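As structure tokens, the structure follows; a few thoughts come after it.
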Amino acid sequence: MIRTIALIDVNNFYVSCERAFNPRLKHQPVVVLSNNDGCVISRSNEAKALGIKMGEPWFRCQAIAKQYGIQALSSNYALYADMSNRVMAILADFSPQQEVYSIDECFLDLTGFEKKDLLVYGKSMRERILKWTGLPVCVGMGSTKTQAKLANNIAKKNIKFNSICNLYKVVDEEKNHLFRAMEVGEVWGVGRRLTLKLKAHGINTVLDLKQANPTYLRREFGVVMEKTVHELNGTLCIELEEVTPPRKQILSSRSFGYSVRDYQSLAASITLYMSRAAEKLRSQGSLANLIQVYIRTSPFKLDQAQYSNSMTIPLATPSDDTRQLVKVALLALKEIYRPRYNYAKAGVSLSDIIPKSSIQFDFFASPENSSRSTALMTIMDKINVKMGRESIKLASEGFDRPWQMKQGSKSPNYTTSWKDILSAQA
DNA sequence: TATCGTATCACAC
DNA sequence: CTAACGGTGTGATACGATA
């Protein structure tokens with residue numbers, strides 16, 4: 001059966017979230033910055049029009065920002081995550097099959113809906129989300145995920161589509177016209193490197209790729225590209241994934257607000273990051289077998305001595321106990337730490353992850369210890385959910401943290417903090 | 001010869 | 001005022017080691 005897949009995506013998501021609560025930002029050039037107020041990661045249309053590039057380091061935009069009064073905000077993930085949940089909940093009402101693909105996008109399976117009704121259906125999604133959350137979305141529809149993505153892209157860029165593009169409704173002649181006008185890099189799965197390579201093979205536009213020979217593409221570019229072309233032509237190769245599978249790797253890393261030289265600060269940061277990673281691990285009911293710790297100086301400071309190192313340590317028995325994971329992580333840190341470098345970033349990773357239900361005790365492990373550990377971690381997690389993050393924590397996470405990342409202009413947590421709501425009113 | 005482990009690449013957002 | 005460049009995650013592929 002021919003399927004119908006929709007992709008719904010919030011326009012300029014982070015900026016739109018900020019605008020929903022601060023109308024003064026509307027019709028203005030606005031950007032949201034990455035952690036540490038480093039790079040531009042979301043732009044209003046006005047900011048895009050001024051030539052601000054995605055991923056541009058913010059300090060490089062100072063001149064133009066001053067000239068045009070571009071407003072920059074630190075990222076407020078608590079706000080974005082909460083808004084995301086609202087959008088996803090609304091969209092879940094439009095189909096029983098939903099794949100939450102990212103913080104601001106989801107696929108819906110609309111197979112079986114009358115093709116002629118799809119535009120109206122998409123329009124009602126857009127209207128409801130706008131009314132209930134204040135966020136603008138675009139909707140793209142086709143017979144595969146790749147087509148839905150492409151349709152969404154078309155809806156975003158061509159005003160005549162009014163934010164909804166149903167590829168079924170676009171006649172072949174116009175489709176060819178649209179696809180010929182789009183760069184091959186616009187296709188989902190075709191990034192910078194592949195764009196270059198494809199162009200070297202004479203494939204420049206979406207239409208070129210759609211018409212290319214799949215067997216030839218597989219030989220020259222690999223399976224992924226072959227699937228992409230089949231999907232472009234309406235043959236489904238990438239299924240909707242409704243249940244998010246447990247993470248196979250959990251990472252927690254952060255750049256420092258100011259460079260760090262001493263072991264103590266690094267140890268505190270590693271403890272902090274590992275605590276976060278362990279929380280994520282427990283929240284998905286898993287155990288990790290492998291720990292990685294890394295530290296590095298700033299690769300951008302060419303005049304300074306560079307050092308980057310990591311260490312991977314396998315655990316004797318899989319664990320989700322923050323205390324144990326931190327202990328091992330600090331052993332690794334001790335091994336790789338070298339004095340007299342300006343460290344810019346540190347991080348940890350948990351991998352070789354297994355479900356907790358499948359735990360096998362080794363010869364020396366004690367089930368009693370394990371259940372005590374679980375009880376402690378569970379209560380810690382509960383306290384932190386109820387009373388707020390870090391209400392209870394390991395002392396080695398540190399208290400004042402002068403190295404913590406910069407967040408110079410974060411908006412209030414409008415939807416998740418009573419304190420912030422009150423101060424936002426004042 | 002098939003499989004494994006690991007590093008590297010490429011991509012998405 | 002300074003100096004200043006994100007974070008998380010997946011899958012494919014390459015390649016030497018291992019069973």
Side-chain angles (χ1 to χ4, degrees), chain A residues 7 9-15 31-43 52-63 65 72 74-75 77 80-81 84 99-107 145-146 149 152-153 184-198 217-228 237-238 241 244-259 269 273 276-277 280-281 284 289-290 292 294 296-304 310 312 314 342 344-353 403 405-408:
Chain A
L7 188 269
D9 179 314
V10 182
N11 306 344
N12 313 331
F13 182 56
Y14 295 171
V15 165
V31 300
V32 172
L33 305 177
S34 64
N35 274 341
N36 221 17
D37 290 346
C39 301
V40 174
I41 52 170
S42 181
R43 307 159 293 161
I52 303 291
K53 294 280 185 298
M54 186 63 166
E56 187 75 6
W58 177 238
F59 73 88
R60 282 213 200 118
C61 306
Q62 289 314 309
S74 307
S75 32
Y77 286 107
Y80 312 148
S84 174
E99 173 184 340
V100 176
Y101 177 67
S102 77
I103 193 162
D104 77 322
E105 281 175 58
C106 78
F107 291 101
K145 284 196 199 176
T146 306
K149 279 287 239 181
N152 190 285
N153 188 318
V184 69
E186 304 276 309
V187 175
W188 188 41
V190 180
R192 259 210 351 265
R193 305 306 296 265
L194 284 171
T195 300
L196 282 178
K197 200 171 156 195
L198 282 166
L217 284 171
R218 170 161 200 154
R219 190 158 32 82
E220 293 291 322
F221 297 88
V223 262
V224 181
M225 187 64 76
E226 188 192 16
K227 281 188 189 172
T228 297
C237 304
I238 309 171
E241 289 190 42
T244 47
R247 298 265 162 267
K248 297 172 178 177
Q249 185 189 36
I250 293 171
L251 238 120
S252 179
S253 69
R254 209 114 309 176
S255 298
F256 299 126
Y258 301 93
S259 65
S269 74
Y273 305 154
R276 287 295 92 73
K280 286 190 222 169
L281 186 69
Q284 66 169 31
N289 278 299
L290 206 60
Q292 188 177 44
Y294 74 89
R296 68 161 169 78
T297 55
S298 168
F300 301 107
K301 290 182 173 166
L302 299 170
D303 56 328
Q304 295 191 2
S310 71
T312 308
N342 291 319
K345 185 176 180 177
V348 304
S349 129
L350 298 173
S351 55
D352 195 351
I353 289 173
W403 41 268
M405 70 178 181
K406 291 176 194 166
Q407 279 198 313

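Keep in mind that what you see is a predicted model, and the values were worked out from it rather than measured. All values below come from the heavy atoms of this structure, side chains included, with hydrogens, waters and symmetry mates left out. Below, chains carry the letters A, B, ... as their sequence lines are ordered, and counting in each starts from 1.
With dC5(C), dG7(C), dT10(C) as the choices, the nucleotide that has an atom nearest any side-chain atom of R254(A) turns out to be dG7(C). Looking at the side chain of V223(A), the nearest of the listed nucleotides dT13(C), dG6(C), dT10(C) is dT13(C). Here the nucleotide nearest the side chain of L194(A), chosen from dC11(B), dG7(C), dT13(C), is dC11(B). Of the candidates dA12(B), dG6(C), dT8(C), the closest approach to any side-chain atom of Y101(A) belongs to dA12(B). The side chain of N35(A) lies closest to dG6(C) when the candidates are dC5(C), dG6(C), dT8(C). Here the side chain of F59(A) is nearest to one of dG9(C), dG11(C), dC5(C), namely dC5(C).
Counting any heavy atom pair closer than 4.0 Å across all strands shown, D104(A) reaches sugar-phosphate atoms only and no base atom. As judged by a 4.0 angstrom heavy-atom cut-off over every strand, I250(A) is placed among residues touching the sugar-phosphate backbone only. Across all strands, K248(A) comes closer than 4.0 Å only to sugar-phosphate atoms, never to a base (heavy-atom distances). Residue contacts for W188(A): at a heavy-atom cut-off of 4.0 Å it reaches the sugar-phosphate backbone alone, with no base atom in range. Among the atoms of the strands shown, only primed sugar atoms or phosphate atoms (P, OP1, OP2) are found under 4.0 Å from some heavy atom of V187(A). Residue contacts for L33(A): at a heavy-atom cut-off of 4.0 Å it reaches no nucleic acid atom on any strand shown. When heavy atoms are screened at a 4.0 angstrom cut-off, E56(A) is found touching no nucleic acid atom at all.
At dG7(C), none of the side-chain N or O atoms of S252(A) fall inside 4.0 Å of OP1 or OP2 (strictly under the cut-off). A sub-4.0 Å separation between OP1 or OP2 of dG7(C) and a side-chain N or O of S253(A) is absent. Here K301(A) does not reach the OP1 or OP2 of dA3(C): none of its side-chain N or O atoms lies under 4.0 Å away. Dashed line: the shortest gap from a side-chain N or O of R192(A) to OP1 or OP2 of dA12(B) is not under 4.0 Å.
In the model, D104(A) has a side-chain atom that pairs as donor or acceptor with a side-chain atom of S102(A) under 3.5 Å.
Not a single donor-acceptor pair under 3.5 Å links the side chain of R254(A) to the backbone N or O of M405(A).
Residue R193(A) places no side-chain atom within donor-acceptor reach of the base of dC9(B), judged by atom type and a 3.5 Å distance cut-off alone.
With contacts defined as side-chain heavy-atom distances shorter than 4.5 Å, the pair I250(A)/Q284(A) qualifies. A heavy-atom distance below 4.5 Å is not found between the side chains of N153(A) and W188(A).
In terms of position along DNA chain C, the nucleotide closest to M54(A) lies nearer the 5' end than the nucleotide closest to the other residue of the pair M54(A) and R218(A).
Within 6.0 Å of OH in Y77(A) there are more than 12 heavy atoms belonging to other residues, nucleotides or ligands.
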